[in-house]
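Taking it in order: structure first as structure tokens, then the write-up.
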Amino acid sequence: MSLDPRTLAAAFVLLSAVLSVLLLLAWIQNRKVRALAWWSATFGLIPLGISMANLGADAPNPLNLLVANAAITLGYGALYAGCLAFNGRVVTIRTVALGSAVWVAAFPFIHEFLGARITVLALISGAYAALSGWELSRHAPQRLASQRAAVILLYGLAVFNLLRAVLGLPLGSLFGMNIAVSRWSAELALFLVVYAPALAFSFLSMAKERLECEHRKAEQALRESEEHYRYSVEFNPQIPWTANPQGDVLHMSPRWCNLTGMPPEEALGQGWIRALHPDDVPTVAQHWLDAVASRRSVDIEYRLCLAEAGYRWFRVRATPRLDEHGAVVRWYGTVEDIHDRKRAEKQLHWAAYHDDLSGLPNRRFFVERLRAALDDTLDRSRRVGLLILDLDYLKHINDQFGHDAGDALLKEFGQRLRRIVRAADTVARLSGDEFAVVLSDVAGEESVAAVAQAILVQMQEPLTHNGKTLDCRTSIGGAISGEHSLSAEELLKQADLALYSCKATARSTFAMFKPIMRDEAQKTASALEIARRALEHDWIEPFYQPKVELGSGRLAGFEALLRWRHPRMGIQSPDTLAPAFDDMELGLALGARMLACVVRDMRRWVDAGLDIGRVSINASSAEFRRDDYAQRVLAHLREAGIPPNRFGVEVTETVFLDHNVEHAQKTLRALSEGGVSIALDDFGTGYASLSHLKLFPVNVLKIDRSFVDGLETDTDDAAIVKAVLSLGQSLDIRVVAEGVETAAQASFLREHGCDMGQGYHFGRPMPAGGIVHFMTSRALDAGGDNNGERGEAHSPMKAPST
């Protein structure tokens, strides 16, 4: 029985249309396998082209042949695109349409030659089939059983087309074709009727296997996630728990029971409250009730009684899960052990308010107590007395007997002061050999003088230390609040002036402030005059000290330090200008000059292609007494084209104690919001308050050099440094250690998580012109010692407030 070529061709076209629709429906059902859409196009375009060329009543005209075979080559392009998409590779229009473009370009030259047309068409089709087989066999992300069958069919199609291209029409003899037949043969149609379903079902099987593999992976990932959650819950140092909408605990981690010794069933409901410290129960219970009523998150700290006795601090946080109507479905919370952090904070808090050597309140505590005492006298006929004391011979004792003797003298001096004054009075060590006594309620100057005389008498008795006699005598300046209200700073200044007057006349005596003593402040005026001349003649010059990332050794940036260049004596320390930084006019002018110089230098370095990191500048308290400092800084940076995140401002805690603290807070927030980093300098030296870290936007804490210097010998210094580092890590605040002079100090800081170091170990302050050489030397000799000497370990590195 003979086969009708036209009938078989029509059957192939109909079969391919069904397969195309089947592949398209499979793609619509699961769009993850994008290759099905391309293969659907393949089984639609190829039969479309075959039907246009072979099912007409008459022989096809050239235009018909051009379009028909273009559709066939485009279908082969879609076949290759589907293989690329199946492997997750990029598919481009050029990839799909290249074969059709070649056919269209060649057709004008070959349309009259049947053999040439067949050869070109077969070459294009064979190339696409071979590329498709290669793609599935070599680039598949995973090996599928049905994929191997598809590869065999594609390579078979490639071989068939290539043979057809080489042999041309004579290939018909392989199928019993009449060599004169120029359009279609029954054998060829029968071959495609069998081949097309096999290839289509191979593609469908590949898609099915792919989806099954992804499903298995998803199930495995889910099991892994469940195991991860289980391990996270069981081994997490935090204790998870859940509660119902009314606040009754439904589930408590077994770790709670191990920690408190309370059986699991007793902790449910409200039973967990029995494990709390009795003093914490009312506050915690009320806080929890308020949270349940308001549906707001819970964050509270309390003490728990442990199974082995004793209490530890814990932090409890909980968040409600709400439904679509806003009603609470369940509470989810954790219990976290924060006892070590609380202990470190307590130690740090004590260090922030007290002098480490003598145990007395420090300057910050003293200022607050003095202000409070003055505030109490506003509406009463009470007066506040103030004594400022200075040990007369501490330097001599340190030089002659050593600093241990000097420390012993300071401790004894503080203890004697405590024994002399009343319990209601405040004794503080302000700095070095300077002490203060706040007499909270005195009748008049006579009362202040009587206390001072008692101190002088008591201090006449020398101190014996290691068989050596130490002179404990002191000079005292006194002041008293008058009828007109005085600020703490004004009263302190009066007492200071009295002390300076006392020391200028005769040591180991007492002097009460008199208005005439203001004349003795002429030296301050002299310093102000020097500052004015330095500004007028442009003697101000910033020096730059590098900061280094301790973890990587990478240069993090520089701190700009004020120096001034005398025309004859050269570079001078800013100490001679110190009083000017508290002057409103000069302090602002000095700060503005430094800002302009630093921004100008930064612009030069950026233009030279140097990666200088972040450059920070010190800001004085005077600059915060006006509310435009942030605008001026950001405007300078904007005009110079310097990104704000490459700039930082360093402030000391004196800024926070200024009367214009509102300006300071507003200014610092504006700088921070503008992208400028805020550093709290000299942290822990007497003014630092933990509340400042909450009220002010602080990005960086700078550990004072006095703590770093004692890291290797003083365990208390090391403990304070660790506490500051722990605080910085807890609050996500970067920490810089100042005064790093040895590799051992740098190693200690790095091991305990300090972010950056600054000091002679990494580089001395240098003029702007030395930065290029410094960075070049650093690049050529990475890891080398940048300083190596300690000659100026304790010399002033920067001005007191700029």
Side-chain angles (χ1 to χ4, degrees), residues 12-13 15-51 68-103 121-162 192-214:
F12 169 66
V13 171
L15 177 61
S16 296
V18 172
L19 294 174
S20 175
V21 171
L22 182 62
L23 289 167
L24 181 62
L25 290 176
W27 173 70
I28 293 174
Q29 181 69 22
N30 196 322
R31 298 193 178 225
K32 289 184 178 180
V33 188
R34 294 185 297 110
L36 292 173
W38 288 108
W39 290 330
S40 174
T42 298
F43 283 90
L45 289 170
I46 292 177
L48 175 64
I50 291 175
S51 64
N69 290 322
I72 293 173
T73 53
L74 189 62
Y76 274 96
L79 173 68
Y80 179 49
C83 295
L84 288 171
F86 189 79
N87 287 341
R89 285 150 61 84
V90 178
V91 178
T92 63
I93 298 300
R94 183 189 309 173
T95 301
V96 179
L98 181 60
S100 297
V102 171
W103 167 256
L121 183 62
L123 284 174
I124 295 173
S125 304
Y128 270 130
L131 287 172
S132 300
W134 178 265
E135 177 65 27
L136 291 181
S137 63
R138 294 296 180 184
H139 299 291
Q142 56 190 138
R143 300 298 177 184
L144 306 175
S146 55
Q147 194 166 320
R148 291 193 292 270
V151 170
I152 293 172
L153 290 172
L154 289 170
Y155 278 145
L157 182 61
V159 171
F160 170 78
N161 278 288
L162 292 177
L192 292 177
V193 166
V194 174
Y195 173 84
L199 185 60
F201 282 105
S202 295
F203 288 157
L204 287 171
S205 297
M206 288 166 55
K208 180 175 178 294
E209 281 191 71
R210 169 66 57 81
L211 293 174
E212 289 175 349
C213 288
E214 291 181 355

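Each residue takes its place number in the sequence, starting with 1.
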Which residues pass the side-chain contact (heavy atoms from CB on, under 4.5 Å) test with [X], not counting sequence neighbours?
X    : answer
S146 : L144, S205, M206, E209
L84  : Y80, R89, V91, T95, E135
Q29  : none
A158 : A129, A130

Which heavy atom of [X] sits nearest a heavy atom of [Y], and at what distance?
X    : Y    : result
G133 : L154 : N-CD1, 3.8 Å
N161 : S125 : OD1-CB, 3.6 Å
V33  : A207 : CG1-CB, 4.0 Å
A150 : L199 : O-CD1, 4.4 Å

Flag the pair I72 / L45 as yes when at least one side-chain heavy-atom distance between them is below 4.5 Å, and no otherwise.
no
Using 0.5 Å steps for rounding, measure from the [atom1] atom of [X] to the [atom2] atom of [Y].
X    : Y    : atom1 : atom2 : result
S137 : Q147 : OG    : CD    : 8.5 Å
L79  : L131 : CG    : CG    : 10.0 Å
L23  : L204 : CG    : CG    : 4.5 Å

Taking ring pair (Phe, Tyr, Trp, His ring centres under 6.0 Å) as the cut-off, I'd like each qualifying pair that reaches into residues 23-44, sequence neighbours left out, listed once.
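For residues 23-44, and leaving out neighbouring residues, the ring pair (Phe, Tyr, Trp, His ring centres under 6.0 Å) pairs sorted by first residue read W39-F86, W39-F203.
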Please list, chain by chain and in numerical order, all residues satisfying side chain to side chain donor-acceptor pair (under 3.5 Å) with T73, sequence neighbours excluded.
S100
With sequence neighbours excluded, what pairs up with S20 under the side chain to side chain donor-acceptor pair (under 3.5 Å) test?
S40
Quick note, salt bridge (charged side-chain N to carboxylate O under 4.0 Å, His left out) partners involving residues 92-101, not counting sequence neighbours, are none
Is the backbone of Y76 close enough, under 3.5 Å, to the side chain of T42 for a donor and an acceptor to pair up by distance?
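Side chain of T42 to backbone of Y76: no pair is present.
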side-chain contact (heavy atoms from CB on, under 4.5 Å) evaluation trace for L36 with L24:
CA-CA 6 Å; L36 292 173; L24 181 62; over 6 Å; no
Going through the checks in order, is the side-chain contact (heavy atoms from CB on, under 4.5 Å) test met by S16 and I46?
CA-CA 8 Å; S16 296; I46 292 177; over 6 Å; no
Tell me whether Y155 at atom OH has more than 12 heavy atoms from other residues, nucleotides or ligands lying less than 6.0 Å away.
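Correct, the count exceeds 12.
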